[in-house]
A.B. asks: 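Got a structure for you, written out below as structure tokens; questions coming shortly.
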Amino acid sequence: MRHQSQCGFTLIEVLVALFVLAIGVVGAGAAHLVAERTRQQAALTAEAAQLASSLAARMHANAPLASLPDAGNPYLSLDYDAVADGPPVAVAACFGSAACDPLALAAFDLDETRLLVHGRFPGGRIAVCRDAAPWDAGSHRYRWACSGGAQAGVAIKIGWHGNDDLPAFVLMVAR
């Protein structure tokens, strides 16, 4: 009797190879999802930086109101939550007209900022306040609560759904 050598693969070897391939495909898919989520968060953070910078520039451009004490400064009263407050109402534009006083310009700036937060950030929120310590060293995160105080710097805090309901970006405006 001659003993024949086997050529090829057994069914078990093929199934093990398919299982290893399936694990690799699932792992690659999971890595792609994480990369996409990270890209989206980075894009939102960049957009928040741009929005905060724009609002800071608007505040500096409207110096008569932005330099008022806290109680009279309309910029420091901005605390908008898109989920709780709903969509903001659009206002008439306030530029290129002699009838646009500093208070009307501030109202326009704040209303336009609310519209941008509502439209560009999922469940967006923005707050402008005086805060000496926006960073919580214990939790290693920004916080919404503001310390206040006349000597504290102005903080523009922006966050959105998916960031543990905490600010994802804070811009400190020079006093």
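Quantities reported herein were computed from a predicted structural model and do not represent experimental measurements. Quick note: numbers below take in every heavy atom, side chains included, and nothing from hydrogens, waters or symmetry partners.
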A.B. asks: Check this for me: Ile12, atom CD1, are more than 12 non-hydrogen atoms of other residues, nucleotides or ligands nearer than 6.0 Å?
C.D. replies: no
A.B. asks: side-chain contact (heavy atoms from CB on, under 4.5 Å), that's the test. Do Phe108 and Asn62 meet it? Break it down for me.
C.D. replies: CA-CA 11 Å; Phe108 171 74; Asn62 196 356; over 6 Å; no
A.B. asks: Val20 vs Ile23, test: side-chain contact (heavy atoms from CB on, under 4.5 Å). Steps then yes/no.
C.D. replies: CA-CA 5 Å; Val20 169; Ile23 297 251; 5.7 Å; no
A.B. asks: Does Asp85 reach the main-chain N or O of Tyr80 with its side chain, forming a donor-acceptor pair under 3.5 Å?
C.D. replies: no
A.B. asks: Any side-chain to backbone donor/acceptor pair from Asp131 onto Ala155? Under 3.5 Å, distance only.
C.D. replies: no
A.B. asks: Are Leu105 and Leu115 connected, step by step, through hydrophobic side chains (Ile, Leu, Val, Met, Phe, Trp, Tyr) whose heavy atoms are closer than 4.5 Å?
C.D. replies: no
A.B. asks: If every non-hydrogen atom of Gly124 is compared with every non-hydrogen atom of Val117, which pair is closest and at what distance?
C.D. replies: C-CG1, 3.6 Å
A.B. asks: What heavy-atom pair brings Pro134 and Lys157 nearest, and what distance separates the two atoms?
C.D. replies: CB-CE, 4.0 Å
A.B. asks: Does the pair Leu78 and Arg114 meet the rule for a side-chain contact (heavy atoms from CB on, under 4.5 Å), with working shown?
C.D. replies: CA-CA 9 Å; Leu78 178 61; Arg114 286 184 196 98; 3.7 Å; yes
A.B. asks: For residues Ala106 and Pro74, report the shortest heavy-atom separation together with the two atoms involved.
C.D. replies: CB-CG, 3.8 Å
A.B. asks: Considering all heavy atoms of both residues, which atom of Ala82 and which atom of His118 are nearest to each other, and what is their separation?
C.D. replies: CB-CD2, 3.8 Å
A.B. asks: Supply the atom-to-atom distance Arg37 CZ to Gln40 CD, rounded to the nearest 0.5 angstrom.
C.D. replies: 9.0 Å
A.B. asks: Report yes if some heavy atom in the side chain of Trp135 is under 4.5 Å from a heavy atom in the side chain of Arg143; otherwise report no.
C.D. replies: no
A.B. asks: Might you point out which heavy atoms bring Gly159 and Trp144 nearest each other, and give the distance in Å?
C.D. replies: N-CH2, 3.6 Å
A.B. asks: Please round to the nearest 0.5 Å and tell me the distance separating atom CD1 of Ile126 and atom CD1 of Ile158.
C.D. replies: 4.0 Å
A.B. asks: For residues 48-59, run the donor-acceptor check on the side chains, cut-off 3.5 Å, and write out each pair with its distance to 0.1 Å, sequence neighbours left out.
C.D. replies:
residue : atom : partner : partner atom : Å
Arg58   : NH1  : Asp109  : OD1          : 3.0
Arg58   : NH1  : Glu112  : OE1          : 2.9
Arg58   : NH2  : Glu112  : OE1          : 2.2

A.B. asks: My understanding is that only residues two or more places apart in sequence, or in another chain, count here; which of them pass salt bridge (Lys or Arg N to Asp or Glu O under 4.0 Å) with Arg120?
C.D. replies: Glu47
A.B. asks: Is there a salt bridge (charged side-chain N to carboxylate O under 4.0 Å, His left out) between Arg125 and Asp79? Walk through the geometry before answering.
C.D. replies: CA-CA 7 Å; Arg125 181 173 177 195; Asp79 190 358; 3.3 Å; yes
A.B. asks: Does Glu13 use its side chain to pair, donor to acceptor, with the backbone of Thr10 at less than 3.5 Å?
C.D. replies: yes
A.B. asks: Hydrophobic clusters here meaning ILVMFWY residues chained together by side-chain heavy-atom distances under 4.5 Å, can you tell me if Phe121 and Val83 are in one?
C.D. replies: no
A.B. asks: Specify the closest pair of heavy atoms between Trp160 and Ala168, including all atoms of both residues, with the distance to one decimal.
C.D. replies: CH2-CB, 3.4 Å
A.B. asks: For a side-chain contact (heavy atoms from CB on, under 4.5 Å) check, start with the C-alpha distance between Leu110 and Tyr75, then their side-chain angles and the critical distance, and finish with the verdict.
C.D. replies: CA-CA 7 Å; Leu110 295 174; Tyr75 291 103; 3.8 Å; yes
